[in-house]
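As the structure lists them, so they are numbered: ligands from 1, and atoms in each ligand from 1.
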Amino acid sequence: LTTDGRVCEHLFVTGDATILHADLDAFFAAVEQRDDPSLRGRPVIVGIGVVMCASYEARARGVRGAMGGSEARRLCPDAVFVAPRLSAYTEASKAVFEVFDDTTPFVEGISVDEAFLDVGGLRRIAGTPEEIAVRLRRDVRSRVGLPISVGVARTKFLAKVASAVSKPDGLMVVPPGDELAFLHPLPIERVWGIGAKTAAKLHARGIHRVSDIAAMPEDALVAMLGTGPGRHIHALAHNRDARPVRTGRRRRSIGSQRALGRSPRTAPALDAVLVGLVDRVTRRLRAARRVGRTVMLRLRFDDFTRATRSHTLDQPTADTSTILWIARGLLAASMPRIGRDGVTLVGLTIANLDDDGVVQLMLPFHHRGPVDGVLDDVKDKFGTAALTRAVLLGRDEGIEMPRLPD
Ligand SMILES: [Mg+2]
């Protein structure tokens, strides 16, 4: 807990392998291959003077990151060099983190294409860590169009090693009983903190595998590498890594949006879409133990212009009926424009988020009314399709879309 009472760190002390390390494969090159089908299956190098990222086809020829452009061209003369498109990568990164955030409230971003996720405690809601990892990889593929590798283990260190070993487009689960059998045969370069210089020092003493390090007393490593690195590397060689997944990155909003199909956009049809969005977003709010004050309705029109309408409450809430009531008001206010310009996408975002602990003092604004609680429990147990509102029966709810950047 932070001084102001926020939960910023989270550790399930169980014997289970519940930490996922998810890492996109050759991220920038994969975005280029996604967006230009003529690049698929070919060696692609992002960066002109220096290699920022090489596709797996180029890596197979020896091309590496940070290599000079001329050396890369010599190794792989048929490579296609592409100038980086940072905005495309940023957008893809946001969409991938959206999938992470949909998977668990406990996400620790490491870089634009990499994160730790703790899925402990989600078994009843979402399945085993392995099932969650399978779904995560499928969702990133279908919602963002990119391959991602996932390692699952009891420690962050081992999860990261497992995702690296599983690449490309892989999944590797290391059960607690198999940890050292998996880790010890690996080359020492797999250990976090062993860079080229340290590796050279160790190789000079005949130390090549993680098992060689594990067999050494800690003192000997400390004498060789210094106190900090020696202890650190000794601990990792025994898979001792107590660092929890830190969810320092606070989400500022939770939202969802739907592209509308070709069905007529009558007022009842739009209301059904809105009800579906409110159900989904408020359920995610409650699952993340968050409440929000600002309800934002986002619309996209036939000519691709956009509009946002919002309303800010005095008190934060995650209550479905309160948020639905406000969202309906915002939609009603937008109906003249919708009638004139047509609507192709409806989004709902709750912003100004807070942790739900703050509301307990603010009765009668229940953050999770009794009905919402029962609905959440039924959906947790039997799936989201188990219960639906009468207004949604037989209705086209639209196609769920990855959220666009704010
Ligand atoms: Mg990566």
Side-chain angles (χ1 to χ4, degrees), residues 19-36 39-47 50-67 72 79 82-104 107-119 132-153 155-174 186-187 189-196 243 245-246 249 402:
I19 296 177
L20 274 54
H21 179 258
D23 190 6
L24 290 164
D25 301 321
F27 176 35
F28 298 167
V31 171
E32 297 304 332
Q33 289 176 321
R34 178 195 69 180
D35 294 350
D36 180 354
L39 297 178
R40 291 179 199 161
R42 297 172 66 188
V44 173
I45 293 173
V46 176
V50 74
V51 177
M52 287 173 68
C53 180
S55 72
Y56 279 87
E57 295 85 355
R59 291 178 194 201
R61 312 275 286 277
V63 179
R64 294 285 175 267
M67 189 178 266
V82 183
R85 293 182 303 138
L86 294 182
S87 63
Y89 311 147
T90 306
E91 198 162 307
S93 171
K94 277 187 181 166
V96 169
F97 271 83
E98 190 71 19
V99 177
F100 294 164
D101 288 332
D102 283 351
T103 302
T104 170
V107 178
E108 177 182 348
I110 301 298
S111 72
V112 288
D113 71 330
E114 190 185 341
F116 287 108
L117 295 83
D118 196 328
V119 300
I132 294 170
V134 166
R135 198 173 327 117
L136 172 72
R137 281 173 28 76
R138 200 184 57 211
D139 288 351
V140 169
R141 177 68 82 170
S142 67
R143 284 167 60 176
V144 199
L146 295 175
I148 191 163
S149 296
V150 178
V152 186
T155 62
K156 281 168 119 174
F157 163 61
L158 212 59
K160 191 173 163 78
V161 173
S163 75
V165 169
S166 79
K167 277 177 177 295
D169 203 9
L171 167 64
M172 177 172 282
V173 181
V174 186
L186 296 176
E189 285 82 356
R190 291 287 187 188
V191 176
W192 240 350
I194 298 190
R243 288 167 303 174
V245 173
R246 284 170 197 276
R249 197 176 59 91

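With sequence neighbours excluded, the residues that form a side-chain contact (heavy atoms from CB on, under 4.5 Å) with Asp36 are Ser38, Leu39.
Comment: Asp23 does not engage Lys160 in a salt bridge, judged by the lack of any side-chain N to carboxylate O separation of less than 4.0 angstrom. Ionic pairing of Arg143 and Asp102 is present here: one or more N-O contacts between side-chain nitrogen and carboxylate oxygen are shorter than 4.0 angstrom.
Here 3 is the count of protein N, O or S atoms positioned under 2.8 Å from the Mg ion (ligand 1), waters not counted.
Proximity of Asp169 to Arg141: side-chain heavy atoms (C-beta onward) are separated by under 4.5 Å at one or more points. Counting heavy atoms from C-beta outward, Lys94 and Phe97 have side chains that stay 4.5 Å or more apart.
Between Pro147 and Ala30, the shortest heavy-atom distance links the atoms CD-CB, 4.1 Å.
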